[in-house]
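Just so it is clear, the values below take in all heavy atoms, side chains as well, and ignore hydrogens, waters and symmetry mates. Proteins come first, then strands; the chains are lettered A, B, ... in the order of their sequence lines, and each starts at number 1.
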There are 2 protein chains.
Amino acid sequence: MKPKITLKDIARELDVSISTVSKALKNSAEISKDTKDKIKAFAKFYNYRPNNIALSLKNKRTKNIGVIIPDIVHHFFTTVFRGIEKYANEKGYNVIVCISDESNEKEVINMEMLANGSIDGFILSLSAETQLKNEYTHLKELLDQGIPIVLFDRVTSEIECDKVVLNDAEIACEAVGHFIKAGSKRIALVTTEKYFNVSENRRIGYLDALKVHNFKVDENLILTLSHDMENDMLITEFFQNNKVDAVLCVNEIFAIQCMSIIQELGFNVPNDISIIGFTDGILSRFSVPRLSTVAQHGELMGETAAKLLIDRMEWLDEVEEPFKTEVINATLIKRGSSIN
Amino acid sequence: MKPKITLKDIARELDVSISTVSKALKNSAEISKDTKDKIKAFAKFYNYRPNNIALSLKNKRTKNIGVIIPDIVHHFFTTVFRGIEKYANEKGYNVIVCISDESNEKEVINMEMLANGSIDGFILSLSAETQLKNEYTHLKELLDQGIPIVLFDRVTSEIECDKVVLNDAEIACEAVGHFIKAGSKRIALVTTEKYFNVSENRRIGYLDALKVHNFKVDENLILTLSHDMENDMLITEFFQNNKVDAVLCVNEIFAIQCMSIIQELGFNVPNDISIIGFTDGILSRFSVPRLSTVAQHGELMGETAAKLLIDRMEWLDEVEEPFKTEVINATLIKRGSSIN
DNA sequence: TATCAACACGAAACCGTTTTCGTAATAATT
DNA sequence: AATTATTACGAAAACGGTTTCGTGTTGATA
C-alpha cells in the first residue's frame, strides 16, 4: 500500500518549498536546472500526479460534463451517449451520467446535485414528465448561475440555450413521400403522446406529406401509444379495424411490434403493408424482413452536442457567442420492410 | 446572472465569521438560536448549497464512482450500468462512465485519469485487449494505492478484489441439458475467442453437459467467431457443412444471426434446429420466433457490484473485510426458438 | 468581590494545488 | 566600492469548505 504522493511530500523529502516543487514540475524558468532535474526525477519515481480535486477547486473548472438522459436502455440514447463520451474524452473531459427515468423530479434532483461544483456544463434530453408538465425552472436557474446547457432531441423553445435536433418533420415527410411514390394509399402513423416535441414534429411531417400529395387526412389512421404500456392489443385492433397499406412508426420498438403483429394477422410485409420506423438500431438490422428506418445518427448528435458545450465552456470568459441550434439530417434507410 | 453563493459571502453580508455560518447551517449547538435562524433564512433565500469540490477536497472522498465498460451499445453492459447507476444514486453517489472500447490503452488511461482524486472506487469489466494481453498492472497499482475495485462479468483470477460473476458454466450446462432432454443429438456451440473468461466458462459448461450425458465431443460443432467482424459467411458455411439440431450461442447477436441464416437456409426453428442464446435483450424478445435465452440479470449484477463497492468504501477505515465474489444465478428463459 | 462555568462566537489550520510577490545571494555594471 | 540586475527560491494568499481550539462576555457561586 503506497498512498498517493503530494507536492507537500516531495517538498518535505527534497527540502525545498511547495512552490518550488510546483514550479519545477511545470518546467518554470524560475527554477534552476539542477533543482528541476532533481524534483522531476523524484516525482517520476514516485509517480506523482496532481490531484484533480485540488485543481478543480483552484481553477473553478472540473473538466466534467453532466449528461442527463431519460433512459439508457433505448438504443438511440445509448448511441448519443457514445458520441458525447467519445468527443468529451478526446477533449480531456469526463462524463457523469444520470438517468432521469422519464421523471421530472429525478431530473431536477440530479441536476442540482451535480450543479454544486461537480460539473462545468450539462447535456440533456428532457424527461417525458418534464415535457408533459412544461416545467423548466430548474434549467432556467442553472443557466442563470452561468452553467451552460445543451439540449438534444427532446428540446423546448421555452429555454434559450444551445440545442441539437433532428429534422424530424422533414424526414417524416420524406418517409411518407416514399410510401406514396411506391403507390401506398392509406398510410398510418403510429406515434406517442404529442407532448413529446419529437413525436409532434414527426406528426407534422406526416401531415405535410399527405397535404402536399393531396391525400385526405384520416384521423383514424393515427394510432397513439404510450411508451410504457403493453400495446399489443391496441395494435392488433388497429390493424384489424383499419385498411392500411403503409405505416410510419416514430420509434423502432413500435415498428417491430407492428411488423410482428401485422405478420401474425396474415399480412405480408412489405407487399400488403410497408413499414418504416425511426432509429437504426439493432432491432431494425436483425429483423425479418429488415426494417426500413430513419437513421438518427445518434453518435453524431452526441458529438455535436459535446462540441457545442465544450466550445461554449472554453470560450466562456472571452466572447459571448449567441446560442446555436444544430440540425442533424436524418437519413432514410430503405430495407426489406418497405417497397422499392 | 446570479452566481453561486459561498459561506464567505454569507459571513460577509451577515457580519459573522465563516465558522459561525458553517456551524449554524449544520445546526451546531454552539450557535445561538437567533444567529442560526438569521443565517439559515439568509442561506435559504439565496439558495446556498455547499460546493461539492471543496467538500471532496476536505473529506478526501468524492462520492463519485468510476465505471469502465468495454462497450455501451451492448445491451448487457447497458443493463449492468443501469443497475450500478440506480443503486449508486440511491446511496448518494454519482457515476462517471468511461468506455474502453475493448482497448487496453483506453482502459489504462481512463482509469489513471480518474484515479487522481476524481473517484473513490471503480467498477469495471475488462476490455478484450486487456484479457488478451493478460495485463493487469494498472489494476494492481490502483489497489496498491488503496482504491477499491469491483470487477464484474469479465474478471480475472490474477487480481484480488471484489467480483461479481455469472454462473456461466453451470447455466451453459443447463442449456445444453435442456437440448438433450428435448432429444437433440448434434449440439453446436457458437462462441468467441477463448481469452474471454466468460466464453471459456460457457464452453466448459457445454463440454460438461456433453460429458455428463455421454455425448462425444465433436470439435467441428464448435464455431468460433470474432466479435468485430462480418461473420455471415462463416455461419452459413458452418450450417451447410455440419448436420446440427441445436445451437447454443454465447451472445444475443450471434444467436439472432444464426437464426436468421438458419431460416434462410430453409431450416425450421425450432423444429429442425433449436437455438438458445445469452442475454435477454431486446433482440431476443422481438425476434420471430422469440429467442430462448439465458437471462444474465444485468441490472442485478450492476446493483450487486455497486453495493459491494460502496460497502467497502464506507467501511474502509473501520474494518478490513476479505474480498468477496458474488455469483449471479442466470435463468434459462424458454421461448419459441427451442423445443419444449 | 473573586472564581468559575456556560455560552456564543472567531481565528486558524487543513485538504492540494497555483500563482503573485518579496527577497536573499550572486553577478554585472558604473 | 557602491549600485543595480539577475537568479533562484520561499512565503502567503486563494479556491470553499470543516473542525479544533481559544477567548471574551455573561451569570452564578462561594
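- When rounded to the nearest whole Å, the span between CG of A/N52 and P of C/dC15 equals 18 Å.
- At the phosphate of D/dC9, OP1 or OP2 sits under 4.0 Å from a side-chain N or O atom of A/T35.
- You'll find that the side chain of A/E30 is closest to D/dC9, out of D/dC9, C/dG10, C/dT17.
- Look at B/D9 and B/R12 and you find a salt bridge, because one of the NZ, NE, NH1 or NH2 atoms lies within 4.0 Å of a carboxylate O, short of that distance.
- The one candidate from A/E321, A/E326, A/R312 that meets the side chain to side chain contact (heavy atoms under 4.5 Å, CB included) condition with A/D162 is A/R312.
- Rounded to an integer number of Å, the gap from A/I53 CD1 to D/dT18 P is 15 Å.
- Distance B/K38 NZ to C/dA8 P: 13 Å, rounded to the nearest Å.
- As judged by a 4.0 angstrom heavy-atom cut-off over every strand, B/L7 is placed among the base-contacting residues.
- For C/dT17, its base never sits under 3.5 Å from the side chain of A/K58 at any donor and acceptor pair.
- Residues A/K8 and A/I18 each lie close to DNA chain C; by heavy-atom proximity, the contact nearer the 5' end of the strand is made by A/K8.
- Between B/E90 and B/K86 there is no salt bridge, since no side-chain nitrogen of the basic residue lies less than 4.0 Å from a carboxylate oxygen of the acidic one.
- Between the CZ atom of A/R12 and the C1' atom of D/dG10 there is a distance of 17 Å, given to the nearest Å.
- The CG atom of B/L14 sits 14 Å away from the C1' atom of C/dC9 (whole-angstrom rounding).
- If you check every strand for non-hydrogen atoms under 4.0 Å, A/T6 touches sugar and phosphate atoms only.
- Atom CG of A/N59 is separated from atom C1' of D/dG16 by 14 Å (rounded to the nearest Å).
- Heavy-atom distances to DNA chain C give each of B/D15 and B/K60 a nearest nucleotide, and the one nearer the 5′ end belongs to B/D15.
- Counting to the nearest Å, the P atom of C/dC15 and the CG atom of A/N51 are 12 Å from each other.
- Between B/K307 and B/E303 there is no salt bridge, since none of the side-chain N atoms of the basic residue sits less than 4.0 Å from a carboxylate O of the acidic one.
- OP1 or OP2 of C/dT17 sits under 4.0 Å from a side-chain N or O of A/Y48.
- In the interface, the side chain of A/K23 is paired with the base of D/dG10 through a donor and an acceptor atom under 3.5 Å apart.
- With respect to A/E299 and A/R82, no salt bridge is recorded, no charged nitrogen being found less than 4.0 Å from a carboxylate O.
- The phosphate of C/dT19 (OP1 or OP2) has no side-chain N or O of A/S22 nearer than 4.0 angstrom.
- Across all strands shown, B/R61 has no heavy atoms under 4.0 Å from either base or sugar-phosphate atoms.
- Considering only side-chain atoms of A/L55, the nucleotide from C/dG16, C/dT18, D/dA8 that sits closest is C/dT18.
- B/S19 contributes a side-chain N or O that forms a donor-acceptor pair with the base of C/dA11 under 3.5 Å.
- Judged by distance alone, with hydrogens and angles left aside, the side-chain atoms of B/N116 form no donor-acceptor pair with the main-chain N or O of A/N52 at under 3.5 Å.
- As a whole-Å value, the separation of A/L25 CG from C/dG16 P is 16 Å.
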